[in-house]
Amino acid sequence: MNAFALQVDLFCRRWKLLTPGNHVVAAFSGGPDSTALLHALLELSGPWNLMVTVAHFNHGLRNEADAEASSIGEYVRGLGLDFVTAKGDTAAASRKGKCSIQEAARELRYDFLGSVCRRLGAQRVAVGHTRDDQVEEILLRLCRGTGPDGLSGMPVMRAPFIRPLLGSSRPQIFEYLNTEGVPFIEDPSNRNPRFLRNRIRWELLPVLEALSPGIRDHLTRVAELSRKDSEYLEDQVGREWRKILLCTAEGLIVLDRESFVRSPSSLASRTVRKAFGELTGEVRGLESTHVESLIGLAESPTANAHLDFPKGVFVEVSYDSITLGTEKPFSSPFQTVIKEYGRHFVPEIQSDLVVEDHALSLAEAEFPTSTVSAEALRFPLVLRSFRPGDRLKPPGMTGTKKVKNLFMDRKIPRWLRPAIPLVTCGDRIVCIPGIAVDRDFARPGEEAPGVRFSLSGRLSQFFKCAKVY
């Protein structure tokens, strides 16, 4: 085993990146870093009993990319390795996602590598980031206004992805390739000053090195120390998360506002990142300004406020809760005719309305429920969504009250209101199950015949999260 491969071997052992017998997907662009990675993995394949498959993603950004992909395939097959490739439209992805070309390329590439790993049943995906890439990444994040977590740089491992070359410098890689006579491809875009990372590499770093010759080692050490601190704090966030989380389901996370505000600021910011990561799969793209805005709103006396986070995530700070979601869970108006007793499914809210004779119910309902006078009721009824201007007569009050104001009194968050069903008879609102009964439909006494309306399903879960009952 040559000196470079030995260095990679020791790094993998230190960080426990590999297990004997692993099937590793090696990300390969043909550039110097990925070429050095591939050949190091081949050196390690014997001692570690590794199976190596090579994966190449063509971003479709350069005219020569197709020819390069073809020659890369020939080169890999010449090494006796299996080769998987795919091509994407990075420019279209950039426009669709409203992000930079580099960000879109990264998203497409990692999606491809992850899918290859899953399809082949591999345990690891190895990517060729070096110690110099780590230094550039930290400076890039500083330029964009990173928080303390950003100083930890790229993780050595976030399964299934591993970075075996983070302990190796770019000069060491070129020395290895030149000594061994291993060919590689130079990507001309790596010198394009249009990209901020290239300006950091070719303009900023030389200036910093002139001021402090050990700047790369210093920043690498900062990353390692920050990573250790982050790991400890992440463990604390896991405990805090259990106190703060109200519910999570299908692209929606609801946090308890009071518990969130009481948590230490360092844990609160990490809680926000955790929620964002749960929804999108990663925290990349979420800046400290986004986090600070949410914390500021949560701590303010504001009853209702809305924020837009990156990657299409919305945030709604309500009376007692903070909701983060990838899409509003309920947005379509609905109307269902109820002709008889029984269970009636409402697809728009993915919930059932149960209509039953109160006297025949054997147990108290565990979900939002309201009981009305059977004598005042006439079928068919209509179950529908809230409409602007809706009013009912609350018991104990003269006149009517807007349903909107009733929602506000009960501190029901805005995102939930479109899903709350109203039971109507003719042009009158009979009740809002679990929330209110119109006094004209209220039972005159506990012994009077009654009809019970109960909700179950997805809406019932969100009622509990929002503390509606």
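For the numbers below, each heavy atom of this structure counts, side chains included, while hydrogens, waters and symmetry mates do not. Note that this is a predicted model, so its numbers are computed, not measured.
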Mark yes or no for whether D132, through its side chain, and R170, through its backbone, hold a donor-acceptor pair below 3.5 Å.
-> yes
Does the side chain of S288 come within less than 4.5 Å of R273's, by heavy atoms?
-> yes
Once you round to the nearest 0.5 Å, how far does CG of L142 lie from CG of L151?
-> 5.5 Å
Close side-chain approach of V346 to S351, heavy-atom, < 4.5 Å | no
Distance-only, no hydrogens or angles: does the E299 side chain make a donor-acceptor pair with backbone N or O of V261 under 3.5 Å?
-> no
Which atom pair, heavy atoms only, marks the closest approach of V54 to F28?
-> CG1-CB, 3.4 Å
Please walk me through it: do I295 and S269 pass side chain to side chain contact (heavy atoms under 4.5 Å, CB included)?
-> CA-CA 7 Å; I295 293 174; S269 63; 4.1 Å; yes
Enter the distance from T280:OG1 to F309:CZ here, rounded to the nearest 0.5 Å.
-> 11.0 Å
T19 side chain to N22 main-chain N or O, any donor-acceptor pair under 3.5 Å?
-> no
Using a 4.5 Å cut-off on heavy atoms from C-beta on, say whether the side chain of F260 contacts that of V272.
-> yes
Given the rule in the side chain to side chain contact (heavy atoms under 4.5 Å, CB included) test, do L79 and L38 qualify, once you have shown the distances and angles that lead to the verdict?
-> CA-CA 10 Å; L79 296 174; L38 175 59; 4.0 Å; yes
Do other residues, nucleotides or ligands put more than 12 heavy atoms under 6.0 Å from E175 CD?
-> no
Could you state the interatomic distance from OG (S318) to CG (L416), rounded to the nearest 0.5 Å?
-> 9.0 Å
R414 atom CZ, over 12 foreign heavy atoms within 6.0 Å = no
Below 4.0 angstrom, N of the basic side chain to O of the carboxylate: do K274 and E240 qualify?
-> no
State whether a side-chain donor-acceptor pair under 3.5 Å links Q7 with S168.
-> yes
Under a 4.5 Å cut-off applied to non-hydrogen side-chain atoms, are S456 and R343 in contact?
-> yes
Can you see which heavy atom on A26 is nearest to which on V52, and at what distance?
-> CB-CG1, 4.2 Å
Residue pair I72 / T85, side-chain heavy-atom distance below 4.5 Å | no
Backbone N/O of H306 and side chain of E316: donor-acceptor pair under 3.5 Å | no
Can you name the nearest heavy-atom pair linking E43 to P47, along with the distance?
-> O-CD, 3.3 Å
Is atom CG of N63 surrounded by more than 12 heavy atoms (other residues, nucleotides or ligands) closer than 6.0 Å?
-> no
Tell me, do E136 and L205 make a side-chain contact under 4.5 Å, heavy atoms counted?
-> yes
Is a side-chain donor or acceptor of W202 paired with a backbone partner of N190 at a separation under 3.5 angstrom?
-> yes
Counting N and O atoms only, with roles assigned by atom type, does the side chain of R141 sit under 3.5 Å from a partner on the main chain of G153, one being a donor and the other an acceptor?
-> yes
Residues Q123 and H23: closest non-hydrogen pair is OE1-N, 2.6 Å
Pair F386-L406, side chain to side chain contact (heavy atoms under 4.5 Å, CB included): steps then yes or no | CA-CA 12 Å; F386 163 73; L406 188 63; over 6 Å; no
What pair of heavy atoms forms the shortest contact from P421 to L455, and how long is it?
-> CG-CD1, 3.7 Å
Hey, is the main chain of T130 close enough, under 3.5 Å, to the side chain of D133 for a donor-acceptor pair?
-> yes
Output yes when R62 and E68 qualify as a salt bridge under the 4.0 Å nitrogen-oxygen rule, no when they do not.
-> yes
Is the number of heavy atoms from other residues, nucleotides or ligands within 6.0 Å of NZ (K311) greater than 12?
-> yes
Taking C-beta and beyond as the side chain, do T302 and V317 meet within less than 4.5 Å on heavy atoms?
-> no
Establish, yes or no, whether the cationic atom of R124 lies under 6.0 Å from the six-membered ring centre of W48 and within 45° of the ring axis.
-> no
Nearest-0.5 Å distance, CZ of residue F57 to CZ of residue R106 | 13.5 Å
Examine distances only and state if a side-chain atom of S212 and a backbone atom of L208 form a donor-acceptor pair shorter than 3.5 Å.
-> no
Do L422 and R387 come within less than 4.5 Å of each other through their side chains, counting heavy atoms only?
-> no
State which residue, out of Y176, F174, F11, fulfils the ring-ring contact (aromatic ring centres under 6.0 Å, His included) condition with F4.
-> Y176
Which distance, rounded to the nearest 0.5 Å, do you find between the CG of L353 and the OG of S454?
-> 7.5 Å
Would E258 and R262 pass as an ion pair if we require N to O under 4.0 Å?
-> yes
Quick one: sort the H56 and F83 rings into parallel, tilted or perpendicular, breaks at 30° and 60°.
-> parallel
Do D217 side-chain atoms and G214 backbone N/O form a donor-acceptor pair below 3.5 Å?
-> no
With side chain to side chain contact (heavy atoms under 4.5 Å, CB included) as the test, would you mind laying out the steps for C12 and V8 before giving the verdict?
-> CA-CA 6 Å; C12 289; V8 175; 4.2 Å; yes
Determine whether more than 12 heavy atoms belonging to other residues, nucleotides or ligands lie under 6.0 Å from atom CZ of R384.
-> yes
Heavy-atom closest contact (V127 atom, L37 atom, distance) | C-CD2, 3.5 Å
Salt-bridge contact E231-R227 (side-chain N to carboxylate O under 4.0 Å) = no
Atom OG of S29 and atom CG of N58: how far apart are they, to the nearest 0.5 Å?
-> 11.5 Å
Hey, does the side chain of R257 reach the backbone of A298 with a donor-acceptor pair shorter than 3.5 angstrom?
-> yes
